[in-house]
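Residue numbers begin at 1 in each chain, while the letters A, B, ... track the order of the sequences. Heavy atoms only: backbone and side chains are in, while hydrogens, waters and symmetry mates are out.
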Amino acid sequence: MPHNEPASVSPASREAQTEERYDAQRIESKWSALWQQDSALYAAEASSSKPKYYVLEMLPYPSGALHMGHVRNYAIGDALARYMWMNGYNVLHPMGWDSFGLPAENAAIQNNTPPREWTLRNVAAMKAQMKRLGFAYDWSREVTTCLPDYYRWNQWFFIKLFEKGVAYRKKSRVNWCPKCATVLANEQVVNGRCWRHEDTLVEQRELEQWFLRITNYSDELLRDLDRLPGWPEKVRTMQRNWIGRSEGTLVDFKLDGAPDPATSSIAVFTTRVDTIFGATSVQLAPQHPLVARLTQHNDLLRAQVDQLIAEQRKAREVGDIGEIEKHGVNTGRYAVNPYNGEKVPLWVANYILMDYGTGAIMSVPAHDDRDFEFAKKYKLEVRLVILPTVDDPEETAVDPPLPFTTMQGTLVNSGPFGGMTCEAAIKAMSEYAEAHGFGKATVTYRLKDWGISRQRYWGTPIPMLYCEKDGIVAVPEKDLPVILPENVDITLTGGSPLSRVPEFVNATCPRCGGPARRETDTMDTFVDSSWYFYRYTDAGNDGAPFDREKAGYWFGERGIDQYIGGIEHAILHLIYSRFWTKFMRDMGLIKNDEPVERLFSQGMIIKGGAKMSKSLGNVVSPDDMVERYGADSARMYTLFATSPDRELDWLDEGVEGIERFLGRVYRFVVRNSHPSHRQWHDPVPPILANGARAIQRKLHQTIKRVSDDFQGRWHFNTSIAAVMELVNELYAAEGPVAAGSSAPAIPVPLLREVQRVLALLLAPFAPHLAHELWEMLGEKGSLLRAPWPKYDPTLAREEEIEIPVQVNGKLRSRVLVPADASRENIEQRAFADEKVRAALVGKKVVKVIFVIGKLMNIVAR
RNA sequence: GCCGGGAUGGCGGAAUUGGCAGACGCGUUGGACUUAGGAUCCAAUGCCCAAAAGGCGUGCAGGUUCAAAUCCUGUUCCCGGCACCA
């Protein structure tokens with residue numbers, strides 16, 4: 001085993017005496033200060049011949065302090081932004097604050113600090129943290145959503161939405177979180193619980209609220225998911241599920257014996273109208289309006305239905321609605337199947353949901369699992385109407401196991417439709433229903449309109465007025481913004497805090513000049529984040545939300561080039577944003593159909609196998625990490641520990657490892673960047689001694705590996721590993737130098753190139769240190785705009801390669817050959833190899849597999 | 001139940017197209033330097049075997065192939081999403 005002899009004067013001792021240690025704090029505060037002075041450094045260029053690149057990280061809520069998840073998110077975006085700058089792009093890399101919302105109100109109540117003050121203080125603190133971490137944001141475009149210069153445009157948009165009929169007011173059953181004391185959108189309810197309060201069940205309340213008709217775009221939102229190959233499949237699937245498109249048929253059953261034919265219709269939605277001749281009952285949701293009528297004079301039935309409602313609620317509490325036992329009540333009435341005039345019993349059941357389809361179903365026990373279970377329990381008739389088509393005649397048809405639910409079959413006992421395949425029957429029967437006026441083919445969605453009214457203070461006031469004479473009237477554009485008043489008592493509960501501010505509530509109707517009452521609800525904060533990234537393109541504009549040309553330049557045809565954020569917004573923020581973009585496109589404000597071309601969801605950070613939480617005491621604070629190891633190390637560790645899309649299990653020792661590595665780089669440059677070297681501008685000599693050639697080769701291989709990771713998979717863990725390998729090789733080459741030899745082991749021109757490239761390759765990951773190295777090397781000009789190094793395939797090429805030799809697939813030996821060695825040459829050497837010969841004793845070579853440049857495998861028996 | 005993702009040393013992970021399993025880092029062990037070392041530098045480190053030779057080894061069981069972490073079939077477990085969706 002070859003190894004280096006211990007040197008008489010080792011690098012170790014020399015370093016201890018003459019070299020400074022890597023002092024991240026000193027280096028980072030120096031560069032931080034310089035960057036603060038040069039605010040234009042990271043600014044996107046107003047006009048440019050360069051290609052544009054818009055890279056964006058999801059803006060944070062100003063909770064008071066960054067957490068490690070933020071650092072990881074921003075470290076990814078910052079690395080990419082810096083890489084793109086160095087590759088000659090005009091980069092837009094902005095940051096802002098999603099600063100309306102409940103926590104500010106809760107904190108205000110707890111600490112007796114007004115929400116605005118609390119929020120802006122947090123913004124300042126977190127901005128300082130971001131600067132300390134060295135993220136390269138264009139702060140001239142900062143957006144703070146709770147300030148009137150931003151939220152006035154929420155109001156402006158709301159009026160546009162209202163004018164187009166996309167914003168509307170209706171009374172309906174809505175989700176109410178008692179802890180938030182406000183209404184929630186469907187998207188903010190998870191398993192029947194509040195998204196912010198996992199322990200709190202959402203209640204249903206009948207309220208009049210403002211909604212946005214996101215369902216206008218249901219189909220487009222679904223269809224365009226196929227045009228987003230740059231999005232994670234997971235997110236697209238989640239949105240598809242959420243939109244929940246379902247093709248089926250509406251069929252009207254008549255209530256038998258109803259006095260008034262107009263109100264006797266029971267609309268049923270089914271995806272399997274082909275099975276309708278097998279319907280042996282109709283089931284209503286307990287909240288169905290018809291149930292209310294039927295129970296009006298029937299206290300017993302009313303009590304039974306109430307029981308069903310209670311069971312549904314219970315199931316939601318458990319959070320596993322699929323496990324609840326099915327219960328039903330026979331109303332004693334009948335519904336008439338319009339296809340055959342048959343009377344079937346009308347039931348109310350606890351497994352029918354009022355908020356999907358029509359809240360009523362036809363029950364076909366023979367061909368639906370749930371209906372089958374229900375029918376067995378209540379001894380309802382099971383009638384087979386589909387005969388399965390099975391390839392194997394043994395298994396066919398005679399006695400299929402019920403329920404039989406697939407589409408592979410033909411209809412029986414189905415009147416004129418008998419003999420049709422399921423697929424054909426669905427089409428024919430839908431057309432038949434339409435022709436006879438009792439139904440039609442239809443599409444239902446799970447997606448519901450977006451309820452945006454919030455009965456809270458800290459949000460955008462909805463710019464609407466209620467006039468006794470003129471009804472609902474929008475605030476005229478010239479009167480915007482409707483300013484959110486300060487000094488509002490938010491500690492009282494019950495209703496919107498703004499409703500207790502007479503100066504706010506009392507207004508004048510712009511139409512008739514008479515008295516009007518102002519809307520006192522505020523907007524869901526997801527309105528703020530639905531379009532904020534357009535505002536970055538023109539943040540100072542006070543005549544419009546943004547200039548069309550500027551937004552057009554940065555969004556182009558396809559939107560933000562790269563958006564990076566957590567998976568928790570897969571549905572909420574990202575579906576609202578898509579909706580908003582489509583609305584703005586229809587208004588003619590923008591040309592792009594989608595806001596984001598490429599989306600990246602970074603993985604969560606955990607520690608000790610669990611999500612970081614105060615109660616577990618495993619929270620890692622960015623401030624703490626920066627103080628102990630420096631910003632560069634903390635950032636770089638989040639990129640090195642694993643690939644960005646995976647879950648990251650935090651390990652403090654891992655950060656130490658990065659700090660150690662950065663120290664190695666720093667010390668290498670300190671002792672090898674003698675000012676006298678700077679006069680060397682010679683090109684690297686074409687022919688290098690063995691050791692130097694090895695370093696040159698490694699250098700170019702490293703450039704390739706780092707560049708490839710940026711271009712492709714974003715596996716920065718392997719990019720950083722590649723740079724580490726290079727540095728390890730430099731240290732190995734240095735070893736003998738220290739032993740007193742005066743000639744440098746690495747020729748100065750190559751040494752200078754290596755050091756320059758090190759600074760360039762580290763710039764996206766450890767910007768402070770990279771800038772320090774750049775300066776130490778006497779380089780002029782900003783590292784940020786220095787061109788990314790090019791790799792030369794000729795220089796990266798190996799002159800000699802080791803070919804593994806297998807016998808019957810098992811590695812037996814390796815032969816070292818010139819890279820261009822012929823197959824014959826390699827085979828000759830391989831068969832001469834002792835180990836190979838030993839493995840071939842008593843065997844006959846059948847054939848030799850030869851993979852150029854990779855390996856050879858001798859097949860022998 | 002349905003739809004995703006995953007399982008590789010003591011740990012985080014690497015292996016980009018089927019071609020040397022374990023790069024890089026952590027940890028551990030040994031050494032150098034030292035008044036000292038929790039600094040730094042060097043080396044070793046998948047498992048079995050005293051060592052060599054050899055064997056075994058990518059959740060599990062099979063299969064395809066000269067060759068499988070990678071492809072196929074079946075299966076277990078873990079994580080995430082959706083869920084009486086008619």
Side-chain angles (χ1 to χ4, degrees), chain A residues 1 3-7 9-16 19 21 191 232-235 237-238 240-242 244 246 248 268-272 283 312 315 320-324 326 349-353 355-364 368-371 373-374 444-446 567 570-571 604 637 640-643 645-658 660-661 663-664 667 705 708-709 712-713 715 717-718 720-725 728 731-732 734-735 738 802-811 814 838 846-849 851 853-860:
Chain A
M1 202 44 43
H3 69 278
N4 295 323
E5 289 299 314
V9 181
S10 78
S13 62
R14 193 188 50 174
E15 273 164 27
E19 288 182 7
R21 68 186 183 91
N191 280 331
E233 189 52 49
K234 182 179 183 174
V235 173
T237 305
M238 283 166 75
R240 266 186 213 110
N241 289 341
W242 185 259
S246 177
V268 157
F269 176 73
T270 177
T271 54
R272 293 298 304 272
Q283 306 282 343
Q312 273 194 354
D320 197 353
I321 205 158
E323 292 296 307
I324 184 195
K326 292 178 181 35
N350 64 355
Y351 72 98
I352 310 302
L353 306 172
D355 44 18
Y356 184 79
T358 59
I361 65 152
M362 61 174 200
S363 178
V364 185
D368 182 280
D369 291 315
R370 291 153 307 175
D371 294 348
E373 185 189 336
F374 191 86
T444 61
Y445 298 89
R446 214 179 81 105
I567 189 75
I571 291 175
M604 251 188 4
Y637 174 68
F640 177 69
T642 182
S643 49
D645 55 321
R646 288 234 229 169
E647 188 175 84
L648 188 163
D649 198 352
W650 191 271
L651 199 69
D652 283 358
E653 288 81 1
V655 193
E656 280 176 40
I658 296 293
R660 203 143 41 212
F661 164 68
R664 278 164 74 82
R667 286 187 300 275
R705 284 174 65 186
D708 284 354
D709 274 329
R713 312 180 303 166
H715 281 198
N717 50 336
T718 57
I720 294 167
V723 181
M724 286 173 169
E725 283 181 48
N728 289 347
Y731 267 67
E734 235 191 346
E802 233 181 16
I803 300 287
V805 183
Q806 298 180 337
V807 176
N808 290 332
K810 287 200 171 170
L811 180 69
R814 296 186 172 91
V846 179
K847 69 174 165 175
V848 177
I849 309 277
V851 186
K854 288 273 193 205
L855 96 175
M856 68 179 282
N857 185 15
I858 302 163
V859 185

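Under the Watson-Crick or G-U wobble criterion, with both distances below 3.5 Å, rA7(B) is paired with rU76(B). Base pairing annotation: rG30(B) forms a Watson-Crick or G-U wobble pair with rC42(B), both donor-acceptor distances under 3.5 Å. Across all strands shown, rU58(B) remains unpaired; no Watson-Crick or G-U wobble contact has both distances below 3.5 Å. Pair assignment for rU35(B) gives none, since no Watson-Crick or G-U wobble pairing has each distance under 3.5 Å. With a cut-off of 3.5 Å on both pairing distances, rC84(B) has no Watson-Crick or G-U wobble partner at all.
Ionic pairing of Glu233(A) and Arg240(A) is present here: one or more N-O contacts between side-chain nitrogen and carboxylate oxygen are shorter than 4.0 angstrom.
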Check: How does each nucleotide of nucleotides 8-17 of chain B score, in 5' to 3' order, for protein heavy atoms under 4.0 Å: base (B), sugar-phosphate only (S), or none (-)?
Finding: ----SSSSS-

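Across the protein-nucleic acid pair, Arg370(A) atom CZ and rC84(B) atom C1' stand 6 Å apart, rounded to whole Å. Rounding to whole angstrom units, CG of residue Asp369(A) and C1' of rG1(B) are separated by 9 Å. As rounded to whole Å, 10 Å separates atom C1' of rA83(B) from atom CG of Leu353(A). Distance NZ (Lys326(A)) to C1' (rG1(B)): 11 Å, rounded to an integer number of Å. Remark: P of rC85(B) and CZ of Arg446(A) are 11 Å apart, rounded to the nearest angstrom. Counting to the nearest Å, the C1' atom of rG25(B) and the OH atom of Tyr731(A) are 16 Å from each other. For the pair Asp652(A) CG and rG27(B) C1', the computed distance is 14 Å after rounding to whole Å. Going from atom CZ of Arg660(A) over to atom P of rC42(B) covers 12 Å, rounded to whole Å.
Comparing rA86(B) with rU75(B), their C1' atoms sit 33 Å apart, to the nearest whole Å. With C1' as the reference atom, rU70(B) and rU8(B) are 12 Å apart, rounded to whole Å. rG57(B) sits 15 Å from rC49(B) when the C1' atoms are compared, rounded to a whole Å. Taking the C1' atoms as reference points, rC77(B) lies 8 Å from rG59(B), given to the whole Å. Here the separation of rU34(B) from rU28(B), taken at their P atoms, is 24 Å to the nearest Å. To the nearest whole angstrom, the two C1' atoms, one in rA7(B) and one in rC60(B), are 11 Å apart. Between the P atoms of rC79(B) and rG12(B), the separation comes to 16 Å (whole Å). rA52(B) sits 12 Å from rG46(B) when the P atoms are compared, rounded to a whole Å.
In the set rC20(B), rG27(B), rC84(B), rG27(B) carries the atom at the smallest distance from any side-chain atom of Glu653(A). Among the nucleotides rG19(B), rC20(B), rA86(B), the one closest to the side chain of Lys854(A) is rG19(B). Counting only heavy atoms from C-beta on, Leu855(A) has its side chain closest to rG19(B) among rG27(B), rC84(B), rG19(B).
Between Gly357(A) and Thr444(A), the shortest heavy-atom contact is CA-CG2, 4.4 Å. Summarising the geometry of Met362(A) relative to Arg272(A), their closest heavy-atom pair is CE-O, 3.4 Å, with the distance given to 0.1 Å. Residues Leu855(A) and Ile803(A) share a closest heavy-atom pair of CA-CG2, 3.8 Å. Of all heavy-atom pairs spanning Ala570(A) and Val235(A), the tightest one is O-CG1, 3.9 Å.
Not one side-chain nitrogen or oxygen of Arg664(A) sits closer than 4.0 Å to the OP1 or OP2 atom of rA39(B).
Residue contacts for Ile720(A): at a heavy-atom cut-off of 4.0 Å it reaches no nucleic acid atom on any strand shown. Residue-level contact check: Gly657(A) touches the backbone only, with heavy atoms under 4.0 Å from sugar-phosphate atoms and none from bases.
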Could I get a table of every N or O pair under 3.5 Å where one atom is in the protein and the other is in nucleotides 64-69 of chain B?
{"residue": "rC66(B)", "atom": "O2'", "partner": "Asn857(A)", "partner atom": "ND2", "Å": "3.1"}
{"residue": "rC66(B)", "atom": "O2", "partner": "Asn857(A)", "partner atom": "ND2", "Å": "2.7"}

Contacts under 3.5 Å, N or O only, protein and nucleotides 2-4 of chain B:
none

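Taking the O4'-C1'-N9-C4 or O4'-C1'-N1-C2 dihedral as appropriate, rG9(B) has a value within 90° of 0 and is therefore syn.
Residue whose closest nucleotide on RNA chain B sits further toward the 5' end, between Glu725(A) and Gly357(A): Glu725(A).
Not a single donor-acceptor pair under 3.5 Å links the side chain of Tyr351(A) to the backbone N or O of Phe374(A). No side-chain donor-acceptor contact under 3.5 Å links Ser643(A) to the backbone of Asp645(A).
Side-chain contact check for Gln312(A) versus Leu353(A): some heavy-atom pair is nearer than 4.5 Å. Asn808(A) has its side chain within reach of Val859(A): a pair of non-hydrogen atoms, C-beta onward, lies under 4.5 Å apart. Proximity of Ile361(A) to Asp371(A): side-chain heavy atoms (C-beta onward) are separated by under 4.5 Å at one or more points. Within the 4.5 Å cutoff, side-chain heavy atoms of Asn350(A) are placed close to those of Lys326(A).
Using modelled atom types and a 3.5 Å distance limit, the side chains of Asn241(A) and Arg446(A) yield no donor-acceptor pair.
Trp650(A) and Tyr637(A) have perpendicular rings, their planes meeting at more than 60° on a 0 to 90° scale where under 30° would count as parallel.
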